[in-house]
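One structure below.
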Amino acid sequence: MDRSERFYLIRQRLGCQRSVSTRQLLDELEVSPATLKRDIQYLRDRFQVPIEWNAELGGYTLDRSRAEAAQSELPGMWFSDKEIHALLTMQHLLANLDPGGLLAPHVEPSPSGSTACSAPPTTPPKRSAAGC
C-alpha cells in the first residue's frame, strides 16, 4: 500500500468511526508506529485534517467541532457546484481572450478519450457512508 492509499484509508476510518485505535490502524495499514505517526502528522500539517488523540476513547478522532473538519478533503476531483461554475467561467474567459493565440493550447479541453482529466460532472457527486 503506497502513502496516498494510507492517507485515504486513515481519513476514511476517521470519518466513519468515532475513534480509531493505533493498533487498528497499524494492523490495517501494515506499517510501523513511526510511519503511522508521520502519516497522521502529514495529514494534519498539509491537508489540515483535524486529527486528535483522545485518551478517553483510546484512539484517534476527527475533531468535528473545528471548521476545517467539514472542509478537509484529500486531493481529488471533488468540486462544489460553485467551484465548477468558477472553473468553467475562467476557461471560457481565457479561451475567448485570445482565440488561436498563445493561451489557446493551454486552455483547450482534454482530448476525447483522455483519462488524465475528464470534464467535471454538472452536479456534484452524492456522497454516502457506504464506504464505511
Side-chain angles (χ1 to χ4, degrees):
M1 178 179 303
D2 72 3
R3 190 176 191 200
S4 61
E5 288 176 299
R6 293 194 315 262
F7 292 160
Y8 280 100
L9 187 62
I10 292 168
R11 179 63 178 87
Q12 180 188 30
R13 292 297 175 258
L14 290 170
C16 294
Q17 296 174 230
R18 183 172 177 210
S19 173
V20 183
S21 72
T22 302
R23 177 55 38 209
Q24 181 184 355
L25 288 172
L26 290 173
D27 291 344
E28 206 165 335
L29 299 172
E30 298 177 346
V31 295
S32 70
T35 298
L36 176 61
K37 287 181 183 179
R38 280 192 301 269
D39 287 352
I40 288 173
Q41 194 61 45
Y42 193 88
L43 286 166
R44 287 175 178 151
D45 294 343
R46 299 290 176 102
F47 297 117
Q48 288 78 44
V49 179
I51 301 172
E52 294 184 348
W53 173 258
N54 186 317
E56 291 177 11
L57 297 174
Y60 291 100
T61 61
L62 197 58
D63 183 4
R64 289 170 173 79
S65 66
R66 288 181 26 204
E68 300 107 348
Q71 306 240 340
S72 66
E73 273 302 321
L74 298 180
M77 297 299 291
W78 300 102
F79 297 111
S80 71
D81 56 342
K82 291 177 184 176
E83 291 167 328
I84 291 171
H85 183 67
L87 288 169
L88 291 174
T89 300
M90 285 303 292
Q91 191 274 332
H92 179 73
L93 289 171
L94 288 171
N96 291 325
L97 180 67
D98 187 18
L102 183 63
L103 292 175
H106 301 287
V107 297
E108 289 177 353
S110 297
S112 79
S114 173
T115 58
C117 184
S118 59
T122 55
T123 59
K126 301 264 191 236
R127 296 186 189 165
S128 69
C132 298

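Computed from a predicted structure; not experimentally measured. Count residues from 1 along the sequence.
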TODO: Verify side chain to side chain donor-acceptor pair (under 3.5 Å) between Q41 and R44, making sure each step is shown before the conclusion.
DONE: CA-CA 5 Å; Q41 194 61 45; R44 287 175 178 151; 3.3 Å; yes

Open item on the list: For residues I40 and L26: do they belong to one hydrophobic cluster (side chain heavy atoms under 4.5 Å, members Ile, Leu, Val, Met, Phe, Trp, Tyr)?
Closed with: yes

Open item on the list: Taking the side chain as everything from C-beta on, heavy atoms only, tell me whether L36 gets closer than 4.5 Å to I10.
Closed with: yes

Open item on the list: To the nearest 0.5 Å, what is the distance between CG on D2 and OH on Y8?
Closed with: 10.5 Å

- [ ] Starting at CD of Q24, measure out to CZ of R13 and round the result to the nearest 0.5 Å.
- [x] 7.0 Å

Task: Transitive ILVMFWY side-chain link L57 to L62, under 4.5 Å - done: no

- [ ] State, to 0.1 Å, how close L14 and Y60 come at their nearest heavy-atom pair, and which atoms those are.
- [x] CD2-O, 3.5 Å

Task: Minimum-distance pair of heavy atoms, taken over all atoms of G59 and S19 - done: CA-OG, 3.3 Å

Task: Neighbour count above 12 (heavy atom, 6.0 Å) for E5 CD - done: yes

Task: By salt bridge (Lys or Arg N to Asp or Glu O under 4.0 Å) - contacts of R23 (at least two apart) - done: D27

Task: Contact check, side chains of L9 and M1, non-hydrogen atoms, under 4.5 Å - done: yes

TODO: Measure the CG-CG distance between L29 and D39 for me, rounded to the nearest 0.5 Å.
DONE: 7.0 Å

Open item on the list: Return the OG to CG distance between S21 and N54, rounded to the nearest 0.5 Å.
Closed with: 12.5 Å

Open item on the list: Using side-chain heavy atoms (C-beta onward) and a distance below 4.5 Å, is R6 in contact with L25?
Closed with: no

Open item on the list: Can you tell me how far apart SG (C16) and CZ (R11) are? Round to the nearest 0.5 Å.
Closed with: 9.0 Å

Task: Whether F7 and F47 hold their rings parallel, tilted or perpendicular, with breakpoints at 30° and 60° - done: perpendicular

